[in-house]
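Read the structure below first, then the notes.
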Amino acid sequence: MKTFANVFLGLFILKAVIAPPPSETVNYDTDTYEVDLEDLDIYDYNENISVDQGEIEIGTVLPVVNRPIISPEQIPEEAEEEEESTPKLIDGSSPQGPLSPGVLVPETSGGVSTCILCTCIATTVYCDDHNLDSVPPLPRTTTHAYLRFNKISRISKTDFSHLNKLQKIDLTSNIIAEIDEDAFRTLPSLNELILRDNRLRQLPELPNTMTVIDLSHNRLGRKGLKNEAFKDMNDLHLLYLVDNNLDHIPIPLPESLQALHLQDNNIQEMHEDTFCNMKDYSYSRRSLEDVRLDGNPINLSKTPQAFMCLPRIPIGRLI
């Protein structure tokens, strides 16, 4: 009997396990929640969503580059020392390296390129207002040298000795008080020398190739010019000796002379043969048209025959 009861209980449990779930619809009691299911806003994920293209932000992702990151501590000390020891020019380049393409830097006799400090255009060198106290080494091909407004006090015989093509030297507004005797004499092509506004007391010998000489505003005085200093300069056109405390006109003067400026000196007399040939009254000196003697204590009216051969009367005091 007990066995039969166990069998019956097992069959009942088995039937309950294998029985299908009830198929009846479950009805929710909506009255309990006070919310109508039809009023709920249920999102439909199947709807097509329109996107405003103007609101889309498109970015570009940089490609990943596998490079080592070097921290400041990992920089080699040798590279830092090399960078600090290498001077840089204004444009950031190194003076030891090549300059910009197309810029020619002629080497000088001293091995230093003056054109880095100064301006070189073709064969002309401009070193104006560079606070120089001496003449810098110039390229051998230099034909015109401008060294104005510096502090050069002396001209050595070696400053220009290697410049056989040098035609013009302009040393205006320096403090030159001394020039070696052979500083200019051996220059075969020199024809223009400008030494205005210096402290020169003695003019050295110049080559006979000179065409323009300007020594105005110096301190030549009575003994600053050699006897017959300009006699053999057959191509001399302009001679300017303004404000030098001269007490005489430097004669003889070459026939080629066109302008003679002697203003603001101490010239008190003029000889009859200073400009003219008193032995030949037909002599005419037509080239010398510009003679300036104003600012001197000389009375030109006392020696009218001294300038009768000139095309124009000299400018100066007549009474």
Side-chain angles (χ1 to χ4, degrees), residues 155 157 160 166-172 176 178-280 283-296 298 300 303 306-307 309-312 314-316:
I155 303 298
K157 64 179 180 180
F160 304 104
L166 187 59
Q167 301 174 17
K168 180 176 181 178
I169 301 174
D170 193 341
L171 289 159
T172 299
I176 300 172
E178 182 181 358
I179 301 178
D180 286 357
E181 184 61 29
D182 293 332
F184 305 125
R185 184 179 59 84
T186 59
L187 300 178
S189 301
L190 185 64
N191 53 57
E192 294 188 39
L193 179 62
I194 314 298
L195 285 164
R196 293 177 61 92
D197 193 17
N198 279 280
R199 303 175 184 178
L200 194 60
R201 294 184 179 274
Q202 182 74 38
L203 179 67
E205 185 177 353
L206 301 178
N208 294 330
T209 56
M210 303 302 301
T211 60
V212 178
I213 300 174
D214 189 350
L215 303 171
S216 300
H217 308 292
N218 277 278
R219 305 172 182 179
L220 295 176
R222 175 178 297 182
K223 299 180 180 180
L225 297 176
K226 298 180 183 297
N227 292 331
E228 301 183 347
F230 312 108
K231 176 184 178 181
D232 296 326
M233 297 181 184
N234 296 325
D235 295 321
L236 184 62
H237 296 153
L238 309 177
L239 179 58
Y240 301 144
L241 298 169
V242 179
D243 187 22
N244 269 282
N245 198 30
L246 298 175
D247 61 358
H248 66 283
I249 298 175
I251 56 174
L253 296 170
E255 293 288 334
S256 60
L257 194 63
Q258 299 175 3
L260 175 63
H261 289 188
L262 294 165
Q263 305 100 296
D264 302 323
N265 281 290
N266 192 33
I267 299 173
Q268 300 181 17
E269 60 180 0
M270 180 170 56
H271 299 289
E272 294 181 350
D273 58 351
T274 298
F275 302 113
C276 302
N277 184 359
M278 299 308 299
K279 296 180 180 180
D280 185 2
Y283 173 77
S284 177
R285 195 167 192 167
R286 298 184 180 274
S287 60
L288 187 54
E289 297 184 349
D290 183 15
V291 178
R292 299 284 304 272
L293 287 165
D294 44 316
N296 285 275
I298 184 174
L300 297 179
T303 54
F307 47 84
C309 63
L310 302 179
R312 291 185 176 86
I315 298 175

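Worth saying up front: this structure is predicted, and the values here are computed from it rather than measured.
- Of the listed residues (Asn296, Ile251, Ile298), just one forms a side chain to side chain contact (heavy atoms under 4.5 Å, CB included) with Met270, and that residue is Ile298.
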Stepwise, does the side chain to side chain contact (heavy atoms under 4.5 Å, CB included) test hold for Arg285 with Leu253? CA-CA 11 Å; Arg285 195 167 192 167; Leu253 296 170; 3.7 Å; yes
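- For the side chain to side chain contact (heavy atoms under 4.5 Å, CB included) test with Arg196, the passing option among Asp214, Asp170, Leu215, Leu171 is Asp214; the others fail.
- We find the CG-CG distance between Leu257 and Asp235 to be 12.0 Å, quoted to the nearest 0.5 Å.
- A pairwise comparison of heavy atoms in Cys309 and Tyr283 identifies CB-O, 3.4 Å as the closest pair.
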I'd like to know whether Ile194 forms a side chain to side chain contact (heavy atoms under 4.5 Å, CB included) with Val212, so could you lay out the CA-CA distance, the side-chain angles of the two residues, the decisive distance to 0.1 Å, and finally the verdict. CA-CA 8 Å; Ile194 314 298; Val212 178; 4.1 Å; yes
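- Distance check, rounded to the nearest 0.5 Å: CG of Leu262 to CD1 of Ile249 gives 6.0 Å.
- When the shell of 6.0 Å around CG of Asp280 is examined, it contains more than 12 heavy atoms from other residues, nucleotides or ligands.
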Lys223 and Arg201: CA distance, side-chain angles, deciding distance, side chain to side chain contact (heavy atoms under 4.5 Å, CB included) verdict: CA-CA 8 Å; Lys223 299 180 180 180; Arg201 294 184 179 274; over 6 Å; no
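- Counting only heavy atoms from C-beta outward, the side chains of Gln202 and Lys226 approach each other to under 4.5 Å.
- Contact detail for Ala306 and Cys276: the closest heavy-atom pair is O-SG, 3.4 Å.
- In this structure, Asn265 contributes its side chain and Asn244 its backbone to a donor-acceptor pair below 3.5 Å.
- Side chain of Asn277 to main chain of Lys279: a donor-acceptor pair is present (N/O by atom type, distance under 3.5 Å, no hydrogens or angles).
- Here the straight-line distance linking atom CG of Asp180 with atom CZ of Arg185 works out to 12.0 Å at 0.5 Å rounding.
- Judged purely by atom type and a 3.5 angstrom limit, Glu181 uses its side chain to pair as donor or acceptor with the backbone of Glu205.
- Ser287 contributes a side-chain N or O that, together with a main-chain N or O of Glu255, makes up a donor-acceptor pair within less than 3.5 Å.
- Residue His217 is tested with Thr172, Asp197, Asn198, Asp243 for a side-chain hydrogen bond (donor to acceptor under 3.5 Å, both in side chains); the sole match is Asp243.
- In this structure the side chain of Thr303 never reaches within 4.5 angstrom of the side chain of Thr274, judged on heavy atoms.
- Residue Arg222 comes nearest to His248 through the heavy atom pair O-CE1, 3.7 Å, listed as atom of the first residue, atom of the second, then distance.
- By the 4.5 Å heavy-atom criterion applied to side chains, Leu190 and Met210 are counted as neighbours.
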Does the side chain to side chain contact (heavy atoms under 4.5 Å, CB included) test come out yes or no for Leu246 and Leu220, once each step is laid out? CA-CA 7 Å; Leu246 298 175; Leu220 295 176; 4.2 Å; yes
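- Counting non-hydrogen atoms of neighbouring residues, nucleotides and ligands closer than 6.0 angstrom, the NZ atom of Lys157 reaches no more than 12 such neighbours.
- Put simply, the side chain of Thr211 reaches to within 4.5 Å of the side chain of Glu192, judged on heavy atoms.
- Here the shortest heavy-atom pairing between Ser256 and Met233 reads OG-O, 3.7 Å.
- For the pair Leu241 and Leu225, the minimum side-chain heavy-atom distance is below 4.5 Å.
- Residues Phe307 and Val291 are not in side-chain contact: their nearest non-hydrogen atoms beyond the backbone lie 4.5 Å or more apart.
- At least one side-chain heavy atom of Leu260 sits under 4.5 Å from a side-chain heavy atom of Phe275.
- Atom CD1 of Ile176 sits about 5.5 Å away from atom CD1 of Ile179, to the nearest 0.5 Å.
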